[in-house]
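Keep in mind that the numbers below use all heavy atoms, side chains included, and drop hydrogens, waters and symmetry copies. Please read all numbers here as calculations on a predicted model, not as lab measurements.
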Amino acid sequence: MRMMQYVLAAAIAAAATFGVVWYGLNNPLPDPAVQEATTPEATAPLTAPPRLVRRVDPEISFGARPDFVVRVDVPQASADNAEGPIHFLLGEVQSRAYPDRIVHYQRIVLEPTTGEAAIALRQFQIPLDPALSTMTIHGLTRTRDGEVTDLTAEIRHDVVSADTAQTASILTGAVIIVLRLPQSRPGDVLDLDYTLEERFPVPGWRPSLRLPLATMAMFDQIHLRSIWPSSSLHYALLGAVPEMTETQEHGLTTLSFGPAAFQPPEPEPFTPPWRNPQPQLVASAFESWNAVAVWGASLFQTMPDADIERIAAEIREAHTDHDEQIMAALNYVQREIDYFAITLGQGGYQPLLPSETLRYSEGDCKAKALLLLSILADLGIDSRVALVSSLEGRSLDDMPPTPQAFDHAIVTLTSGNRRYWLDPTRTEQGGGLWDLPEEEWGHALILDSQSFDLTAVSTRAHRLPYIDVEDRYSLRSASRGDNQAILHVEWRFRGAAADAVRAASVTRGEDSIGNSLAETYSARFLQSAPIGEPTIADEADDGVVVRFVMTVTLDDFSAANASKPAYLFAANAANRSIIPVDLAGRVAPLMLPYPYDVRQQVIVNLPDGAEDWAWPLLENGPTDMESAMLGSILSTSVDNDAFSISDSYTVDGLTISLTSRTRIFTAELDPALFLRTTNDLMVVDPVAYFLVGERALLQPDRGASRRLTSPTTHPDYRDPATPY
């Protein structure tokens, strides 16, 4: 029954939620009245809670429908169309943009088909931001055996908190409006409608709308209408959106669809989010990206502050170099200010003052961006806040100009002839300004009066692999039965990979990084034992290095009557399992784990008496049985426009070395490359590996082979190996 309620609540929320979600574009300006009453003097002990947010009680009333609403007939209920315990007959979304607000009318008509569903439908759950929105309930009717009964007077409502600040570090202030309805029974048709009126969060805001449509496909029919002033409307239909009719009358533009069935195609797995796999209507009254930039810039104004001056002075004293001062300011905000977001009301848009951010040592992306902007300004360094999208950045140029295109705020500046993008919400980053990894933002809007369009932001390839791994085995003896080796392991993380390890060190502790990686290795061998403790060192410009040593017992693949052992060694980190689905018949581009560049060197030092163990380079080569069981072991190179895979195998006396590298050059795989990719990956195994020792008398062990050749995903940096 609770699952039924959840499904229904999800459907209602999808139709009813229009508010922007800026991940941490939050924190309202402190209200002077509240501060005067509750904030202690700076010299007094702090007794107030770590955030001073006024409680806003939701405004809920009963009333008439807005005059712009056009009511449509309910489609005839039919058992043939019903799927599941609830038959969703009609979903309506009608909106009207005004100069100072936007009004959303919602209507949901459904029929319970089971007793359990009828019980579950005693409650409707509707999310609401009480600081911005009010709710008006219009009516509830029940059709039973052809007789229509008005049950509006019997509706009761409760309010419950929707916050998860303790686990998510985000305080939304949102509530759930729980509408309690009279008992229904299977076969009843319930018709509920209400309006959410949304006021604008900050000065200068203009009507904006993002309407997701995918979940509305559960209804037999949907009816959409959106009414805007013709002089200011810009809109886009993204994804598999139904064809909407555009009409003009009395200076208003109406976009409409239905009532009609809407069945968008199911998105193919791993379709990039910037390809708009989910249908949505995006509309805005902002006339240009410049208008959005000017509006946003007004929210991020620096101002004199003694604490800012002190921080800048300390940075100036410690660093005379311009770029070093930039990094010191960025590191200060990353290190000293914890992430915490308050998105209640204007807090989703208005940054907290730097003085408040410093006072509580916490803030969201907006607060951190404004603090960094202020420190840089005091250092005499010109910078701007930039808005970006963490998921849809590559497709922002498909959208109309609207702040709702973004979910994150960062800082941008130029030094020399290069533009940098600084994210103060990240864990403290090492290295210099030049070494900062660039996120694949796609596009950004720089908040400046001279910004007239989006700015392209692409990832710059790191000059060295993001992860470099060296596994060095020293075999103890050439005798069969003595299959012991000493294994020295070194993982070097650079760029974004190094930042990910630094972040994990802060949240989980340095010891856990090396220990979890060592456990991954231990699981491959018959037996293992550590020699000392793993170490982790931050070498700044050259990344973060994890090292450990262990004794290992190797699997012997030789037959019982063989004169020498057969050992298998694999480059598990340089994973080539980069395609998570079958490409046959696929139409949509495939998202790839980008940027990705992992190089691994496996070095085996053979013992005396093992001069003929390097069997891959013997004159006659491997037998067919050996190749079939253990795969290709010769040097390999596969290159195309999306990725590169290379293996290099060398022998120098008693030292055998395999260097394997996997690089991905693009964030998505174009369908034009599907056939080429399929053919290229057919000639390589998920990881490169080789066999030393016995070559004729072998005893296959599929379980051991799978264990030794399974790709490694480092627990603290998942993207390089298995991002799916």
Between Asp639 and Ser637, do the side chains contain a donor N or O and an acceptor N or O under 3.5 Å apart? yes
Asp323-Ser415 side chain donor-acceptor pair, cut-off 3.5 Å: yes
Strictly below 4.0 Å, N to O, side chains only: are Asp597 and Arg494 in salt-bridge contact? no
Less than 4.5 Å apart, any side-chain heavy atom of Ile603 and any of Asp471? no
If you count the non-hydrogen atoms of other residues, nucleotides and ligands that lie under 6.0 Å from CG in Asp482, is the total more than 12? yes
With a cut-off of 6.0 Å (strictly less than), are more than 12 heavy atoms of other residues, nucleotides or ligands near CD of Glu317? no
Arg394 and its side chain to side chain donor-acceptor pair (under 3.5 Å) partner, picked from Glu668, Glu440, His443: Glu440
Any chance the side chains of Arg661 and Ser644 put a donor and an acceptor closer than 3.5 Å? no
Could you check whether Gln334 and Gln429, counting side-chain N and O atoms only, form a donor-acceptor pair closer than 3.5 Å? yes
Does a sphere of radius 6.0 Å around CG in Asp652 hold more than 12 heavy atoms from other residues, nucleotides or ligands, not counting ones at 6.0 Å or beyond? no
Should we say atom CD of Glu539 is surrounded by more than 12 heavy atoms from elsewhere, each under 6.0 Å from it? yes
What do you reckon, is CD of Gln484 surrounded by more than 12 foreign heavy atoms closer than 6.0 Å? yes
Partner of Ser558 under side chain to side chain donor-acceptor pair (under 3.5 Å), chosen from Glu694, Lys564, Arg480, Gln699: Arg480
Can you check side-chain contact (heavy atoms from CB on, under 4.5 Å) on Thr659 and Tyr649, steps first, answer last? CA-CA 7 Å; Thr659 301; Tyr649 181 92; over 6 Å; no
